[in-house]
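Single-structure report; data block below.
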Amino acid sequence: MLPLAGERKNARGVISEKSNNEDIIRGTTTLKRGFAHMLKNGVVMDVTTVEQAQIAEEAGAVSVMVLDKLPSDVRKAGGVARTASIRIIQEIMDSVTIPVMAKCRIGHVYEARVLEETDVDMIDESEVLTPADEHHHIWKWDFTTPVVNGARSLAEALRRIEEGAAMIRTKGEPGTGNVAEAVTHIKKVNDELRLIKSIYDSGDNQDLVRIAREFKVSYDIVEQTAKIGRLPVVNFAAGGIATPADAAYLMSLGCDGIFVGSGIFNANDAKERARAIVLATTFWNEPEKVKEAQKMIDERQSMIGLDVNTLELRMQDRGGSA
Amino acid sequence: MSLTVGVLAIQGDVQENLISTETALKESGIEGKVVDVKTADDVSKLDGLIIPGGESTTIGQLSLVNSSLKIIKEKIENGMPVLGICAGMILLAKTADDRVMGKTGQPLLDLVEIKIERNSFGRQKESFEAEISMNSIKIPKFNGVFIRAPAVSEIGSDVEILSKFNEKIIAIKKGNIIGTAFHPELTTDISLHKYFVNLVKESKN
């Protein structure tokens, strides 16, 4: 069974109806979180065209994420980054059998509505796009379609889960080809999970109340998370992953799977690299196989990375205080 | 005599199946252990196998890479019980078409004379829970969790239908092989996992 911590049973996204003569129910927490569980140990690849989506599927991706521009190109272009063209999302949905996700702006309820009506399988409320609301994220319990959010800490992750996120990923620093931030974020989440678990095990409820206040979340979700000692939803790595070894390293830190943004289709060996990152993710705990995967790529073809200390735009800070 | 039941751990919801199977062994009073398996070598030591939910294209391709697909097929042909869930049932089939895209050409085990329609009930927004029944294996009431679920569109004469929902075939059995379109491991009901571990026990006797 799935952990259901933080579940809101009578949410607006939950729909009870008749299908022919049978009673069915859609948009439940089990269905939304369960969808994310089916992606575990897999790679979700950012794509901007049908051709890229097909390369991703052939390489063994578990899903594709449709964007207007890859994160590194969003950086170069500047201006306001919005959700992708619906026509392209639909073309991609018609050309692959794996699930299709798409990004909407943080807080942009109507980009998310449009994506839900388009029938994408999951919505990413993403800091790669320009936030539409600096103070609120989307109330995701209103949606039947599951939503994934980025987080840099346990507090951010639990705030997003309380808003209805069915899946969490690290924010990392998108479009940099630099894993340092993703590594920091997953380690911080893990450290904080260990901390609240040890407080829970010690029976010090007062200290858990203090944590809940500090995190700006309910006591219940802190207690339930502390009890199981892990996030109640699937947690993927994202933001800066560019090589098979990057993917394997993040899996070894306890991530449930990998999102690759610019790392594949901004490299000059996209096909081989896509395949190699899938292999390294699946067989991350067998270094010999990760080496074989790493051998499939040529470092001279990797995207030129960015030092996160010199960035003018830190995407990870978007929506972080809310 | 102790049983070893494996969960294929290439991709998908392995952990939930490990827990459901462990609980099923314990509640059935059967001595045994549950392990996650990846390689051909791991698979060769099993008495029963669960192929979990996930992406069938990914699981199929990667099992092909590490040559576990071949030994899985041999073992099942020689009578090892297998439970294929969602993507797992797709892999057991002879052929699989996508509802929208048609022919897929993905690697399959071709162990049961069934044709699969992938994403038969629609995309994720149409995923649903509903009460179903599997009367022939004495599970009259079960909460079916259908996530981008497939259905069986054609069936060979030697294959038993375990359950239908809205006229679609959602669970099948052929001797030692069971396939379901829904996810028992996402619920607290372990009756199907119990049925499976008992099947594994009988096959070893």
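So that the names make sense, note that chain A is the first sequence line, chain B the second, and so on, each numbered from 1.
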- Which region of Ser95(A), side chain (C-beta onward) or backbone (N, CA, C, O), has a non-hydrogen atom less than 4.5 Å from a non-hydrogen atom of chain B, or is it both or neither? backbone

- Message: Return the CD1 to OG1 distance between Ile10(B) and Thr282(A), rounded to the nearest 0.5 Å.
- Response: 7.0 Å

- Task: Side chain from CB out, backbone as N, CA, C, O: work out which of these in Asp256(A) comes under 4.5 Å of a heavy atom of chain B, or both, or neither.
- Result: neither

- Let me know if Met122(A) has heavy atoms under 4.5 Å from chain B in its side chain, its backbone, both or neither. neither

- Query: Glu286(A) versus chain B, heavy atoms under 4.5 Å apart: side chain, backbone, both or neither?
  - Reply: side chain

- Rounded distance (nearest 0.5 Å) linking atom CZ of Arg275(A) with atom CG of Leu62(B): 6.0 Å

- Could you give the distance from CG (Asp121(A)) to NZ (Lys125(B)), rounded to the nearest 0.5 Å? 10.5 Å

- Which atoms of Asp119(A) come close to chain B, meaning under 4.5 Å heavy atom to heavy atom: side chain ones, backbone ones, both, or neither? both

- Which atoms of Phe143(A) come close to chain B, meaning under 4.5 Å heavy atom to heavy atom: side chain ones, backbone ones, both, or neither? neither

- Message: With heavy-atom distances below 4.5 Å as the criterion, would you say the side chains of Glu129(B) and Val14(A) are in contact?
- Response: no

- Residue part contacting chain B, namely of Val43(A), when any heavy atom lies under 4.5 Å: neither

- Query: Out of curiosity, Thr144(A) OG1 to Glu126(B) CD, how far, rounded to the nearest 0.5 Å?
  - Reply: 9.0 Å

- Task: Return the option, out of Ile190(B), Thr187(B), Val100(B), with the maximum number of heavy-atom pairs under 4.5 Å with chain A.
- Result: Thr187(B)

- The residue among Arg123(B), Glu55(B), Gln124(B) that forms side-chain contact (heavy atoms from CB on, under 4.5 Å) with Pro99(A) is Glu55(B)

- Query: With side chains defined as the heavy atoms from C-beta onward, is the minimum distance between Phe165(B) and Ile24(A) less than 4.5 Å?
  - Reply: yes

